[in-house]
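All residue numbers refer to positions in the sequence shown, counting from 1.
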Amino acid sequence: MNRGRSPRTTMISRCWPHTLRGRLSLVALTTAALVMVILTVVFNAIVRRHLQQQADDELRTRAAAVAATVDTRHDPVRVLETPDDALLDTNVWIYAGTRLLEHPATAPSGGAVTRTAARLAAHGGKQCAVLEADAPIRLCAEPVGATRPGAPPAAVVVTAMDLGPYRASADTLLIASLALDGTVLVCTYVLTRLAVGRALRPVTAMTDQATQWSAVTSEQRFGGADRPTELARLGTSLDELLDRIRAVLRHEQQLTGELSHELRTPLARITAELDWWQARPRSTADTRATHSVIADAADSMRTICDTLLDDARATGHTAPGTTDVMSVLRRLADRPGIPGTVSLTVTGPDTLAAGVPAALLERIVGPLTDNALRYARTCVGIRASQELGWIRVEVVDDGPGVPPSFTTHLFQPGRRADPADGHVGAGLGLPLARRLARSAGGEVTYSAKYAPGAGFVVSLPAGCPGPAR
């Protein structure tokens, strides 16, 4: 079965304009053509009817003038002689019943015109007919001397007129109308194309601008200056769309940076274990230990990805009472890779429960702990407590602290107080911790009361306490 388009459909598709200017011009031309056809038909019909009415009026006027010369008071009816008898008798027939009293010298008694005049006279009333001979002829009958209603007239005057000049005038008007229609249609098409092209010029400029801009880096916008109202609204809508696109792309870049930042530690553990395992032959126990560390790091990477992706999709809903705070904090403290010169202590009651998933709590406190271990001189302390329905986790170190001038920039992505301080970092850990905490209804703040060291406070909704583990 052929499911392709028919040749007619293909031809229509090829002939149909593919540009907006061409389509609007074609629609305007079609509409103007329909209007002009209707107006031309109506106008010429009215003109022809008016010309025929003029011809009939002239015929009746001549018939009335001739009827004044017919004497119907005597029997038989006779025609009176007048000074202008030759002028009045031109194309005039006078009948008394069926008897022909007078007829034009140029019209023989047996001709088609005379027979038509006799038929009109026999009818006996006011009536007109058209004889389509070599030239169109209009004949009209005028009764004379009717004595009573319904009685036949004493005489009938029939006058004739050549309709050629009238029809020539009508044909001339028709040709002139068609010429005017063609001129109007051409002007309509040309002016519509020019007007639509001028109206669409700002759209072309906006298209050229859009192809030259970068949705991520460019701060340029369409705006609505010096544009029609419709295009100004379109520009505003496109600007809002560009802002949303930029926000989405920035969010994706932020997510990519956060994933790479968080995955750096487990990847380093995997690399270190593999380097250590390949350095020299290992026993079966050492191999199992290496496999365990690699599996734990891979599981940590999966948890990191799931947590960050769930948060990015805004589907990471928290469940109150599902997280044992102290177990999560101790697991953070027991991670491999903590410098041997720094002591890490975790304090707090074992009954604390947070209203967030364990993976989310780890991802919030983890960057703060890594940051503290990176800058601490001798010790890092993690203290957990509960205050008025909130879980409070403090991460404190005895390092150089945060310069007062930089405290307002602490949680801005990619910002570091001193990039040349010799410590690795991308400036994403603190912003990530705050964003995740806020997604769970909490907050991460910096506290200057721990100076000269640094102190960060995590506040999260408390959950229902579960059994101690």
Side-chain angles (χ1 to χ4, degrees), residues 8 11-12 15-17 21-67 87-93 103-104 106-107 111-143 156-197 199:
R8 181 179 181 182
M11 183 178 297
I12 294 175
C15 296
W16 183 254
R21 182 172 64 174
R23 293 182 180 183
L24 290 176
S25 300
L26 182 59
V27 170
L29 181 64
T30 304
T31 304
L34 290 175
V35 173
M36 295 302 296
V37 167
I38 294 174
L39 291 178
T40 300
V41 171
V42 172
F43 172 74
N44 282 275
I46 293 175
V47 167
R48 288 181 180 274
R49 184 177 182 83
H50 180 68
L51 290 176
Q52 181 174 313
Q53 187 67 37
Q54 282 187 333
D56 292 349
D57 290 344
E58 183 175 348
L59 288 172
R60 289 193 173 91
T61 299
R62 289 173 54 190
V66 173
L87 180 61
L88 292 176
D89 291 343
T90 302
N91 294 330
V92 173
W93 290 260
H103 66 85
T106 58
V113 178
T114 302
R115 288 197 302 271
T116 304
R119 187 171 64 252
L120 290 176
H123 186 269
K126 292 185 177 181
Q127 192 176 14
C128 295
V130 176
L131 177 63
E132 298 289 347
D134 296 336
I137 298 175
R138 180 77 170 174
L139 297 93
C140 288
E142 183 73 21
V156 176
V157 178
V158 179
T159 56
M161 176 181 292
D162 184 7
L163 292 180
Y166 292 91
R167 292 194 175 182
S169 299
D171 293 340
T172 301
L173 285 175
L174 177 61
I175 295 173
S177 300
L178 294 177
L180 178 62
D181 292 348
T183 303
V184 171
L185 292 179
V186 171
C187 293
T188 299
Y189 183 76
V190 173
L191 292 177
T192 302
R193 285 188 66 88
L194 292 176
V196 174

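In plain terms, the two heavy atoms of Ala141 and Val156 that are nearest each other are CB-CG1, 4.0 Å. Contact record, Gly164 with Asp162: N-OD1, 3.0 Å, taken as the closest heavy-atom pair.
Distance check: Asp56 CG to Leu51 CG gives 11.0 Å after rounding to the nearest 0.5 Å. If you take CZ on Arg115 and CG on Leu120, they are separated by 13.0 Å, rounding to the nearest 0.5 Å. Taken from CG in Asn91 to OG1 in Thr159, the straight-line distance is 8.5 Å, to the nearest 0.5 Å. The distance from atom CG of Leu178 to atom OG1 of Thr183, rounded to the nearest 0.5 Å, is 10.5 Å. Note: Thr116 OG1 to Arg138 CZ = 12.0 Å, rounded to the nearest 0.5 Å. Note that CG of Leu24 is 8.5 Å distant from OG1 of Thr192, once rounded to the nearest 0.5 Å.
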Could you please spell out the steps behind the side chain to side chain contact (heavy atoms under 4.5 Å, CB included) verdict for Leu139 and Leu131?
CA-CA 8 Å; Leu139 297 93; Leu131 177 63; 4.3 Å; yes
For a side chain to side chain contact (heavy atoms under 4.5 Å, CB included) check, start with the C-alpha distance between Arg48 and Asp171, then their side-chain angles and the critical distance, and finish with the verdict.
CA-CA 9 Å; Arg48 288 181 180 274; Asp171 293 340; 2.8 Å; yes
List the steps and the verdict of side chain to side chain contact (heavy atoms under 4.5 Å, CB included) for Cys128 and Leu59.
CA-CA 10 Å; Cys128 295; Leu59 288 172; 5.6 Å; no
Report the C-alpha separation of Val92 and Arg62 in whole Å, then their side-chain angles, then the decisive distance to 0.1 Å, and conclude whether the side chain to side chain contact (heavy atoms under 4.5 Å, CB included) test is met.
CA-CA 9 Å; Val92 173; Arg62 289 173 54 190; 4.2 Å; yes
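When the salt bridge (charged side-chain N to carboxylate O under 4.0 Å, His left out) test is applied to Arg193, no partner is found at least two apart in sequence or on another chain.
With Val66 as the partner, the side chain to side chain contact (heavy atoms under 4.5 Å, CB included) test is satisfied by one option alone out of Val157, Thr61, Val158: Val157. For the side chain to side chain contact (heavy atoms under 4.5 Å, CB included) with Phe43, the lone residue among Val47, Leu39, Ile46 that qualifies is Val47.
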